[in-house]
Amino acid sequence: MARKEVYSGSIERIEVMNADDEEDFPWIEEDEYRELYKKMMIARKFDEKAFSLQRRGEISTYAPHKGQEAAQIGSMFALEEDDWMVPSFRETAAFIMRGAPLEKIFQRWMGNANGQKGISEINTLPVAIPVGTQNLHTAGLGMAMSFKEDENAVIGFTGDGSTSEGDFHEALNFAGVYNAHSVFFVQNNQFAISMPREKQTKSETIAQKALAYGIEGIQVDGNDILAVIKATQEALESARNGNPVLIEAVTYRLEDHTTSDDSTRYRDSEEVEEWKEKDPLKRFREYLQEHDIWDDELEAFEEEAKKIVDEAANKALEMEEPEFDELFDYVYADMPDLLADEKEEFKEEVNK
Ligand SMILES: Cc1ncc(C[n+]2csc(CCOP(=O)(O)OP(=O)(O)O)c2C)c(N)n1
């Protein structure tokens, strides 16, 4: 009998802010550091505002991203205009970085479908709620880019829970086989609603799930915005060359799963407090202070961000609602006759 090692894959973790060697500093422009912090602050204030709008009954359910700003904003910073983004339901900060108008994002959370209009112009898919499906969309777009020999790439967002879905495994398999230009960006925020990551999967890391499909898997400190940028830039570069990548961004959901959840029932406040110390805004602020980038303008920006967000929320509250019969549009490029008839019937019914 013989036993030989036939495969030895490994997973690396990327960190920047905690690394001892700083020789790379600065590797983005000073203005970019400032802009990133401002975007993170706007995203944080958006979360707070959306929460209060939900409590006032203007939003029915909201999924907060507090604690995940570095993962979302850092990865979007790495994305080029010609690339595509596939969001799931918690990607508000990513939408902000992608350039979606804040009032439109509020509008969508208010259940107004007009909030989804116009996002294809910023190469972004509409939000998909079914957990894991986003991976298939990411694989499909990336395969199309590969077939067409395009030079762009796609990044798709999901959570740790999605990696237990069949869709995730099918998507990674297809992406590998067809050299898709895809980056699968998993925000491991430690929970799928009340299910902790340890009970979700026996895998020690999410990133290692890539190895079974012959694609690269990397782990990154998801609360370190600079590490996220570095990891995503490298991954996108690989993907553009037909080598898909799975990124596991290790982070933490500081709030409830959604406004319908009560996380005190399934997790310790001590654990939450520990992660608050690793809050990505706090860490980035300290980094900017250490590197003499922090100044009075950034200090004052929290108030400014609040104003920007309040104004956008007020605009969203005044925006028009879609027409009822738009329910039938946007499903097919060319509407089939049967659906067109139903649309007419519906219109008559509504106008009675
Ligand atoms: C196919 C499917 N099953 C169940 C749900 C209900 N659901 C919504 S979010 C969620 C947990 C998702 O956890 P994870 O993928 O870790 O993402 P997170 O919410 O933590 O960002 C579940 C089970 C759903 N939306 N879709």
Side-chain angles (χ1 to χ4, degrees), residues 43-44 46-47 50-51 54 59-76 85-97 105 108-109 111 116 125-140 155-172 183-210 217 219-220 222-223 228 246-268 271-272 275 278-280:
R44 177 63 57 91
F46 187 106
D47 228 33
F51 203 81
Q54 195 276 338
I59 289 176
S60 70
T61 311
Y62 180 71
H65 55 254
K66 186 175 176 182
Q68 299 180 218
E69 292 89 349
Q72 296 188 18
I73 290 177
S75 53
M76 280 298 105
M85 145 11 193
V86 179
S88 81
F89 43 82
R90 203 180 294 288
E91 272 61 69
T92 299
F95 267 100
I96 293 173
M97 191 63 191
I105 312 175
R108 172 168 52 73
W109 280 114
Q116 296 261 42
L125 291 198
V127 169
I129 307 279
V131 169
T133 52
Q134 304 82 2
N135 292 308
L136 296 172
H137 307 153
T138 307
I155 187 167
F157 291 92
T158 52
D160 40 294
S162 104
T163 70
S164 301
E165 293 276 356
D167 286 358
F168 170 82
H169 299 275
E170 290 164 21
L172 262 64
V183 174
F184 301 92
F185 193 97
V186 176
Q187 291 172 86
N188 171 6
N189 65 8
Q190 313 301 330
F191 290 91
I193 314 187
S194 56
M195 179 69 71
R197 207 223 57 47
E198 301 72 34
K199 289 192 182 165
Q200 177 75 238
T201 173
K202 192 82 172 165
S203 272
E204 211 171 309
T205 67
I206 300 280
Q208 75 201 57
K209 297 191 183 195
Q219 195 185 69
V220 61
N223 283 11
V228 173
L246 169 66
I247 299 179
E248 173 190 7
V250 180
T251 180
Y252 195 82
R253 193 191 75 217
L254 288 173
E255 283 291 342
D256 293 336
H257 170 72
T258 66
T259 44
S260 316
D261 175 41
D262 174 7
S263 59
T264 60
R265 293 174 58 185
Y266 56 83
R267 63 183 189 183
D268 277 352
E271 180 184 286
V272 181
W275 278 93
K278 298 183 242 175
D279 180 329

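Note that ligands are numbered from 1 as they come in the structure, with each ligand's atoms numbered from 1 the same way. Only this structure's heavy atoms are used, side chains among them; waters, hydrogens and symmetry mates stay out.
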Task: I129 N/O under 3.5 Å from ligand 1 N/O - done: yes

TODO: List the atom of Y252, the atom of E271, and the distance in Å for their closest heavy-atom pair.
DONE: OH-OE2, 2.5 Å

- [ ] For ligand 1, find out whether one of its N or O atoms is nearer than 3.5 Å to an N or O atom of V131.
- [x] yes

Open item on the list: Looking only at the side chains, is there a donor atom on one of D256 and S263 sitting less than 3.5 Å from an acceptor on the other?
Closed with: yes

Task: Audit row: N189, Q68, side-chain hydrogen bond (donor to acceptor under 3.5 Å, both in side chains) steps and yes/no - done: CA-CA 8 Å; N189 65 8; Q68 299 180 218; 2.9 Å; yes

Open item on the list: Would you say Q208 and T205 are linked by a side-chain donor-acceptor pair, where the criterion is simply a distance under 3.5 Å?
Closed with: yes

Open item on the list: Can you confirm whether D279 sits close enough to R44 that some side-chain heavy atom of one is under 4.5 Å from a side-chain heavy atom of the other?
Closed with: yes

- [ ] Kindly say whether P64 contributes a backbone atom to a donor-acceptor pair with the side chain of R90 at under 3.5 angstrom?
- [x] yes

- [ ] Pick whichever of N188, T158, I193, D160 has a heavy atom sitting closest to atom 11 (C) of ligand 1.
- [x] I193

Task: Flag for K209-S203: side-chain donor and acceptor within less than 3.5 Å - done: no

Open item on the list: Checking a contact table here: which protein heavy atom is nearest atom 15 (O) of ligand 1, and how many Å away?
Closed with: S162 N, 3.0 Å

Open item on the list: Under 4.0 Å from atom 6 (C) of ligand 1, is there at least one protein heavy atom?
Closed with: no

Open item on the list: Between Q187 and T251, do the side chains contain a donor N or O and an acceptor N or O under 3.5 Å apart?
Closed with: no

TODO: Around atom 3 (N) of ligand 1, find the nearest protein heavy atom and jot down its residue, atom name and distance.
DONE: E165 OE2, 4.3 Å

Open item on the list: Looking at G132, is its backbone amide N or carbonyl O close enough to the side chain of Q134 to form a donor-acceptor pair, meaning the two atoms are under 3.5 Å apart?
Closed with: yes

Open item on the list: Does only the side chain of F191 get under 4.0 Å from ligand 1, or the backbone, or both, or neither? Count heavy atoms.
Closed with: backbone

Task: Contact bool for atom 24 (C) of ligand 1 (protein heavy atom, d < 4.0 Å) - done: yes

Task: Heavy atom of the protein closest to atom 17 (O) of ligand 1 (residue, atom name, distance) - done: G159 CA, 3.6 Å

Task: Heavy atom of N189, distance to ligand 1 below 4.0 Å - done: yes

Open item on the list: Yes or no: does R253 have any heavy atom under 4.0 Å from an atom of ligand 1?
Closed with: no

Open item on the list: Looking only at protein heavy atoms, which one is nearest to atom 21 (O) of ligand 1, and what is the separation?
Closed with: R90 NE, 2.8 Å

Open item on the list: So if I count the atoms of ligand 1 from 1 in the order they appear, which ones are less than 4.0 Å from some heavy atom of P130?
Closed with: 26 (N)

- [ ] Ignoring hydrogens, just give me the one of G132, S88, G161, A63 whose non-hydrogen atom is nearest atom 16 (O) of ligand 1.
- [x] G161

